[in-house]
Amino acid sequence: MALKIDHVTKKYQNFTAVNQLSFTIEKGEIFGLIGQNGAGKTTTFRMILDLQETTEGNISWNDIPINKVNRDVLGYLPEERGIFPSMTVEDQLYFFGVLRGRGKKDLKQDVDYWIERFELVDKRKAKAETLSKGNQQKVQLIASFIHQPEFLILDEPFSGLDPVNRELLMDAILYLKEKGTTILFSSHQMANVEELCDHLCILKRGVSLFTGSLKDLKEQYGKKKLSIRTDLTEKELHMLEGVKNVKKTRDGYTLTLEDETYGKQLFEQISRGQYMDKFSMDYLTLDEIFKDLVGGIVV
Amino acid sequence: MSKFWILVTQLYKQKIKTKSFILSILLYVAVISCVMFWSDIKAALFSEEPVKIAMVNETEQDFKPLFKSDKDMKFNFTDQSRAEVEKKVKNGKYDAAVFLTSKNKQMEAEIATFEPLEYNDQTALSGMIQYAGRIYAVQQLNLTSDQAAQILDANTTIISKNLDKQKGTGKSEDEKSAGIGVSILIGSIVYSFVISFLSMITTDVASEKGSRVLEVMLASIKPSTHFLAKITGTYLLALTQLIVLIVVQVALFLVVDGGSKWDKVTNTIDHLSSTYILYTIAYLLLSIFLFLIMGALFGSLVSKVEEASQAMMPAMLMGMAGFYILMSGLFSPDTMLVKVSSYIPFMTVMVMPLRISATDLSPMEPLIALIILIVTVIVLFYISFSFYKRSVLTYSSGGMMQKIKTVLKVTT
């Protein structure tokens, strides 16, 4: 494994920001760390980056304690964007590249490549403060990996981006993965996490509620989502055994079941032996699982 | 190149090209030049007519030799009546009229104007009238001209002798006045200099912290490296500005008016002791460092750049207090306030040079102030160094005390 978080706790006097957190990330994997605001994600990132010490537990990179790791193997994109406002796009990328150990000549090819790939060619000599928010985000994302880190932490990389730029960033992250970069990534947009992450950890108030693969999480929850088209009313559906929640949709209802084993029984009760043009049982989306798990919201 | 020097170079290159940095050098040059070349500037810009003064002498004494016309004042003795002269003053033919009369063997003078005279002219005219009045009074005693001259030209020679061998011989009046003059100039420059670089580093750190770019940088460098790089980079900028200022100013003195001003400068420097010059340089270099440490620390405490001015206020107030104490010390450099503040590290650079130049103090006193300054710089550096690591990534609202409390909660 590349990164190992082993029973890590971070306390600030009486407040515990992260409590006994453990997970591992394999080399070349994209790992999602998700949770509400204040769940302990940024604290975890800062401990991995050795910006804050752990109160208990250990963090290692390739079996080397994180405080002894050369910082140039790490890349970081913080949640709140940070670039030098009066520096040009190009200077910014060279500065961060050189700061993290690459030579200026060596950087040229990569700077040119990423500027072109992120459609910033005409903004190359523009000061960062004159760029749109989306373009500033692109610049900062490039700056976070221009030095070709082995391990990249992306804290909310998609916030505030339009769908086109989101797609551009998504492709870039997958490209980095192909190149062997290990990525730890957080997002409040669960669709992005579902699309990118192999494994994930869900945090609530510093405690891990789930750590494992997305597939395992979904299977653990089971096929609890039932989409149907029926003549029964919402009230009648609520009365059925095993139904936790009913939501009216554009072309029918979506029911959340207490357990997927109720599926067969419900099919018989709702269809009453008649033809039904829609009866589909699915896994919950990550968004729905997250709301249920973290927010206690019945989906 | 190490990460430390990459940061120093980036800061130096970025700031040295800014308009504010270049403008501040030009402003310093302009202010110093204005002070030094004021008489030339005044002569070039304002070709003033001399003040026309009508003299109506109603005494039996001849005052013409005492009121000689020059480029500033033109005296015209007249026999016209008081009413006629006052009319001419009203009409603007004269700027003022002086009526000299005698009463009980003393001279009385009345200055009549329609528009008040300028302060300098008023002072000069009053001085001349006072002198004429003394002569008049002496004349009434029926003394010989030699006796009168002896009284009027009497000048007591005062020699200062200090019996404390440690303090050596006292300074001459010339040395003291040169020292006071230089202390005002240096104190004023140091004040604005220190405050501007304090402001630069505080705003710079606050801006990087507020924009979160610091967080990105700290992923690859240690906070201590960043702290040192900020202080070193800004210190180098301060030295650059100082050197440029000196070079430009010396060049101006040498070139303008055939170097006559340079002669005055060297003449003033000759009156300054080497102790004064060496201590002033040492205080200046250490004080810039002291204020920069404070600036970096205060900048790291705030959450956004808008709070920077509030954060640096304590250090600014210390500098400001030093400046005002310097100003008060120009007239009485021996007060307890001046003595005490000359040992306070944030004020030493402004107050102690004044004491060295204008008073006969023991050689130990400037040395003690220097040692206090060095110890303060070292202690503050280590405290700030440790504090910076915790404060630089701590964001909190509230006042400065609240921010400090929050930082202290963070155990890194």
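Reminder, nothing fancy here: chain letters follow the sequence lines and each chain counts from 1. No hydrogens, no waters, no symmetry mates; every other heavy atom, side chains included, goes into these values. This is a predicted model, so every value here is computed, not measured.
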Handout entry: Segment of B/L214 engaging chain A (4.5 angstrom heavy-atom cut-off)
Key = neither
Handout entry: Student check: side-chain heavy atoms of B/T9 and A/F95 closer than 4.5 Å
Key = no
Problem - A/Y175, OH: over 12 other non-hydrogen atoms inside 6.0 angstrom - result: yes
Problem - Atom pair NZ (B/K17) and OG (A/S86), whose distance is rounded to the nearest 0.5 Å - result: 10.0 Å
Handout entry: A/E79, part contacting chain B, at a heavy-atom distance under 4.5 Å
Key = neither
Handout entry: More than 12 heavy atoms from other groups under 6.0 Å of NZ on A/K127
Key = no
Practice task
Sort A/L99 into side chain, backbone, both or neither according to what part of it lies under 4.5 angstrom from a heavy atom of chain B.
Solution key: both
Completion exercise
So, the part of A/S144 with a heavy atom under 4.5 Å from chain B: the answer is neither
Completion exercise
Scored by heavy-atom pairs under 4.5 Å with chain A, the best of B/R212, B/Q14, B/E208 is B/R212
Problem - Nearest atoms (heavy-atom pairs only) where A/I83 meets B/S211 - result: O-OG, 4.0 Å
Practice task
Identify whether the distance between the nearest side-chain nitrogen and carboxylate oxygen of B/E215 and A/R46 falls below 4.0 Å.
Solution key: yes
Practice task
State whether the side chain of A/R71 and the backbone N or O of B/L218 hold a donor-acceptor pair below 3.5 Å, judged by distance alone.
Solution key: yes
Exercise for the section: Would you indicate whether the side-chain heavy atoms of A/F96 and B/V216 approach each other to under 4.5 Å? Expected result: yes
Handout entry: A/Y113 atom OH, neighbour heavy-atom count above 12 within 6.0 Å
Key = yes
Practice task
Can you establish whether the number of heavy atoms outside A/R205 located under 6.0 Å from its atom CZ is more than 12?
Solution key: no
Fill in the blank from the handout: When the 4.5 angstrom heavy-atom criterion is applied to A/M87 and chain B, the contacting part is side chain
Problem - A/E116 atom CD: more than 12 heavy-atom contacts under 6.0 Å - result: no
Problem - A/D72 bridged to B/K3 by N-O distance under 4.0 Å - result: yes
Handout entry: Flag if over 12 foreign heavy atoms under 6.0 Å of NZ, B/K222
Key = no
